[in-house]
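Here the structure is laid out as structure tokens; the discussion comes afterwards.
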Amino acid sequence: MEEIISFVDGLDGVLTLRPAPGDGSPEISWGDAFFYYAPDGVVPTTTQPFATIVTKNCPGDEASRLDRADTFRLNIAAGKEEFIRWTGHAPRDPDTAEVDPSATDTLMAHPVYGAVGWLAVVNPGPGTDAAVRELLRGACHLARTRHERRAS
């Protein structure tokens with residue numbers, strides 16, 4: 001998890017939020033990480049993060065079994081083209097592969113947000129490392145493009 005956070009922190013214009021007790025964030029987000037394209041260092045109020053790391057089950061999102069020891073899930077707003085490239089189907093189309101959302105080191109449609117082009121990996125490892133890095137760079141680029149479009 002720390003290796004991924006360091007990698008994303010190294011991308012140009014990224015602001016990483018790591019909610020913790022005492023900072024005013026909701027308890028459910030403590031221990032997680034949220035990555036925004038924010039070259040001014042200010043959390044955007046009109047956009048979602050381009051990637052997140054979650055460390056626990058959220059209501060309605062228990063299938064990944066993040067309650068296992070040392071388990072987290074990386075979530076990436078990949079966009080439609082990359083989603084299709086990596087899953088073989090459009091975000092809103094049914095996934096006939098039915099990947100186990102708790103499988104580790106497996107790139108898959110996000111179990112909740114797959115319909116809007118998000119991909120996910122539980123405990124990324126050697127099998128997904130190259131794909132994850134490529135997807136994170138791409139998601140940051142998409143976020144930067146949106147930011148620049150809104151600014152102009």
Side-chain angles (χ1 to χ4, degrees), residues 1-20 22-61 63-64 66 72-97 99 101 103 105-152:
M1 185 171 143
E2 294 303 321
E3 185 177 328
I4 293 167
I5 292 170
S6 292
F7 174 78
V8 179
D9 274 342
L11 299 175
D12 186 48
V14 171
L15 173 65
T16 301
L17 293 182
R18 298 187 73 178
D23 67 5
S25 60
E27 184 174 350
I28 192 140
S29 67
W30 296 351
D32 296 346
F34 301 84
F35 305 104
Y36 294 89
Y37 180 76
D40 59 1
V42 177
V43 179
T45 57
T46 58
T47 187
Q48 296 290 319
F50 67 83
T52 65
I53 293 176
V54 294
T55 58
K56 65 197 84 48
N57 291 332
C58 293
D61 186 15
S64 298
L66 301 178
F72 67 94
R73 185 180 65 219
L74 172 64
N75 309 300
I76 306 168
K80 183 179 178 181
E81 289 178 20
E82 288 300 304
F83 187 94
I84 292 169
R85 176 181 168 212
W86 291 98
T87 67
H89 63 87
R92 296 194 183 274
D93 291 347
D95 181 2
T96 56
V99 176
D105 199 21
T106 303
L107 186 64
M108 65 189 84
H110 187 285
V112 176
Y113 301 112
V116 291
W118 281 71
L119 295 171
V121 182
V122 175
N123 287 5
T128 56
D129 182 64
V132 159
R133 289 173 189 272
E134 178 182 338
L135 285 162
L136 287 167
R137 282 187 204 99
C140 183
H141 175 76
L142 288 174
R144 178 176 39 251
T145 301
R146 281 189 301 273
H147 174 84
E148 290 169 353
R149 189 174 52 242
R150 287 183 182 123
S152 63

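Position 1 is the first residue of the sequence, and the numbers go up from there.
- What you find for Pro39 and Tyr37 is that their closest heavy atoms are CD-CE2, 3.3 Å.
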Derivation of the side-chain contact (heavy atoms from CB on, under 4.5 Å) call for Leu119 and Asn75: CA-CA 6 Å; Leu119 295 171; Asn75 309 300; over 6 Å; no

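- Here the shortest heavy-atom pairing between Ile28 and Pro59 reads CD1-CD, 3.7 Å.
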Chi angles and distances behind the salt bridge (charged side-chain N to carboxylate O under 4.0 Å, His left out) call for Glu82, Arg85: CA-CA 5 Å; Glu82 288 300 304; Arg85 176 181 168 212; 3.0 Å; yes

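- A side-chain donor-acceptor contact under 3.5 Å links Asp105 to the backbone of Gly125.
- Atom NE2 of His147 sits about 9.5 Å away from atom OG1 of Thr46, to the nearest 0.5 Å.
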Trace of the side-chain contact (heavy atoms from CB on, under 4.5 Å) decision for Phe50 with Ile76: CA-CA 6 Å; Phe50 67 83; Ile76 306 168; 5.9 Å; no

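- At a threshold of 4.0 Å, the pair Arg18-Asp23 does not count as salt-bridged, since none of the basic side-chain nitrogens sits closer than that to a carboxylate oxygen.
- Side chain of Ser152 to backbone of Arg149: a donor-acceptor contact under 3.5 angstrom is found.
- Contact detail for Val132 and Pro124: the closest heavy-atom pair is CG2-CB, 4.3 Å.
- At a threshold of 4.5 Å between non-hydrogen side-chain atoms, the residues Phe35 and Ile53 count as touching.
- We find that Arg133 and Glu3 are joined by a salt bridge, their nearest charged nitrogen and carboxylate oxygen being less than 4.0 Å apart.
- With salt bridges taken as basic N to acidic carboxylate O contacts below 4.0 Å, one links Asp61 and Arg73.
- With sequence neighbours excluded, the residues forming a side-chain contact (heavy atoms from CB on, under 4.5 Å) with Leu17 are Phe34, Tyr36, Val43, listed by chain and number.
- The two residues Ala78 and Leu142 make their nearest non-hydrogen contact at O-CD1, 3.5 Å.
- Between Phe83 and His89, the distance separating the two ring centers is shorter than 6.0 angstrom.
- Side chain of Lys56 to main chain of Trp30: a donor-acceptor pair is present (N/O by atom type, distance under 3.5 Å, no hydrogens or angles).
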Leu107/Val121 under side-chain contact (heavy atoms from CB on, under 4.5 Å): CA gap, chis, key distance, verdict: CA-CA 5 Å; Leu107 186 64; Val121 182; 3.5 Å; yes

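- At a threshold of 4.5 Å between non-hydrogen side-chain atoms, the residues Ile4 and Phe72 count as touching.
- In this structure, Ser25 and Pro19 approach most closely via the heavy-atom pair OG-CB, 3.2 Å.
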Stepwise side-chain contact (heavy atoms from CB on, under 4.5 Å) test for Leu136 and Leu74: CA-CA 10 Å; Leu136 287 167; Leu74 172 64; 4.2 Å; yes

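- Surrounding CD of Glu81 are at most 12 heavy atoms belonging to other residues, nucleotides or ligands under 6.0 Å away.
- Taking the side chain as every heavy atom from C-beta outward, Val54 and Leu66 approach each other to under 4.5 Å.
- Under a cut-off of 6.0 angstrom, the local environment of CZ in Phe7 is crowded, with over 12 non-hydrogen atoms contributed by other residues, nucleotides or ligands.
- At most 12 heavy atoms of other shown residues, nucleotides or ligands fall within 6.0 angstrom of atom CD in Gln48.
- Considering all non-hydrogen atoms of both residues, Ala33 and Ile5 come closest at CB-CD1, 4.0 Å.
- Taking the side chain as every heavy atom from C-beta outward, Cys140 and Val14 approach each other to under 4.5 Å.
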